[in-house]
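Down below is the structure, laid out as structure tokens.
Both backbone and side-chain heavy atoms feed into the values below; hydrogens, waters and symmetry mates do not. Every value quoted in this text rests on a predicted model; they were computed, and no experiment measured them.
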Amino acid sequence: MSGIPGRIARLEVSDDAGVTWKNVGGIVESTLNINVDELEVTTYDSAGHREYIPNHDDATLDLTCRWLEEDPGQSIILGKMFDKSTYQVRFRLQSVAGRRLFTATAFATKGSPKAPLDDASGFDVSLRMSGLGVSTQTTAMIP
């Protein structure tokens, strides 16, 4: 049995069309949510059973972070939220050569900087991904 430790995931953002990438620091947890729509294709020939095929997909990336005021990646996400504009993202579940690399254009649909009474400051954000692509990374990323 093998497993993938979650602690080696990595998210980077670019606000210059992928020329330069900034790591998003302070991530405590990240969840990539992918949904595939279905189309019903039932006909008289379906013998009384409904039939479906996959259609379009959509994805969000939900992050729980420690708030880092000067972090370049968090700054891009928060700044673009106020601008209501998009940026490029790339996300790895494992920062190891030969593993999946997810890429997309994204924007934040909600962001929640928080300052609790008895805990570390946090930043929860949900990124809507557009044009999600999956490839294989050829080199390991520096953590």
Side-chain angles (χ1 to χ4, degrees), residues 1-43 45-46 49-143:
M1 181 173 92
S2 67
I4 299 173
R7 66 183 174 274
I8 56 178
R10 184 176 177 93
L11 171 67
E12 295 171 311
V13 294
S14 173
D15 59 357
D16 61 5
V19 175
T20 58
W21 293 92
K22 304 292 183 189
N23 183 55
V24 177
I27 296 176
V28 175
E29 185 174 332
S30 57
T31 304
L32 180 60
N33 307 290
I34 303 171
N35 302 300
V36 178
D37 294 337
E38 56 188 42
L39 294 176
E40 183 181 350
V41 294
T42 306
T43 67
D45 300 323
S46 298
H49 303 284
R50 299 246 183 247
E51 294 182 283
Y52 299 91
I53 60 172
N55 193 23
H56 300 293
D57 62 68
D58 66 84
T60 58
L61 181 63
D62 296 326
L63 303 172
T64 300
C65 303
R66 300 288 184 224
W67 176 253
L68 302 173
E69 181 74 26
E70 302 301 322
D71 181 75
Q74 286 189 18
S75 294
I76 288 172
I77 292 171
L78 188 60
K80 294 291 186 177
M81 248 183 113
F82 287 110
D83 295 346
K84 296 181 185 77
S85 58
T86 63
Y87 42 92
Q88 301 305 116
V89 298
R90 59 186 185 187
F91 174 75
R92 295 160 177 82
L93 294 174
Q94 232 181 340
S95 188
V96 176
R99 302 300 179 168
R100 287 184 181 92
L101 171 65
F102 299 92
T103 57
T105 299
F107 61 94
T109 59
K110 71 173 185 177
S112 304
K114 52 189 173 183
L117 174 65
D118 193 24
D119 198 0
S121 294
F123 180 49
D124 295 344
V125 65
S126 184
L127 305 180
R128 168 60 79 186
M129 314 279 261
S130 180
L132 181 65
V134 181
S135 62
T136 300
Q137 62 190 81
T138 55
T139 59
M141 294 301 298
I142 298 169

### Query
Which is it for L68 and F123 under the side-chain contact (heavy atoms from CB on, under 4.5 Å) test, yes or no, and what are the steps along the way?
CA-CA 8 Å; L68 302 173; F123 180 49; over 6 Å; no
Residue pairs meeting salt bridge (charged side-chain N to carboxylate O under 4.0 Å, His left out), one or both in residues 52-73, sequence neighbours left out, come to D58-R128
Output for pair (F102 CZ, M129 CE), nearest 0.5 Å, gives 8.5 Å
D124 and C65 have their tightest heavy-atom pair at OD1-N, 4.0 Å
Tell me whether T109 contacts the main-chain N or O of L127 through its side chain, where contact means a donor paired with an acceptor under 3.5 Å.
no
In this structure, CG of D16 is separated from CH2 of W21 (nearest 0.5 Å) by 8.5 Å
Shortest non-hydrogen pair, S130 vs A104, comes out as O-CB, 3.6 Å
Between the OG1 atom in T60 and the CG atom in N33, the distance rounded to the nearest 0.5 Å is 3.5 Å
So CD of E38 and OH of Y52: to nearest 0.5 Å the spacing works out to 6.0 Å
Heavy-atom nearest pair, G18 first then Q88, reads N-CG, 4.2 Å
### Message
As a quick check of understanding, evaluate side-chain contact (heavy atoms from CB on, under 4.5 Å) for V89 and L61, giving each step before the final call.
### Response
CA-CA 10 Å; V89 298; L61 181 63; 5.9 Å; no
One should read off an interatomic distance between L101 CG and R90 CZ, to the nearest 0.5 angstrom, of 7.0 Å
Closest non-hydrogen atoms of A59 and L132, given as atom of the first, atom of the second and distance, are CB-CD2, 3.7 Å
Here the pair of heavy atoms bringing F107 nearest to S85 is CB-O, 3.8 Å
| said: Between S14 and T20 (side chain of the first, backbone of the second, donor and acceptor by atom type, cut-off under 3.5 Å), is there such a pair? | reply: yes
Looking only at heavy atoms, the pair that brings Q74 and G26 closest together is NE2-CA, 4.3 Å
Rounded to the nearest 0.5 Å, the CZ atom of R92 sits from the CZ atom of R10 at a distance of 7.0 Å
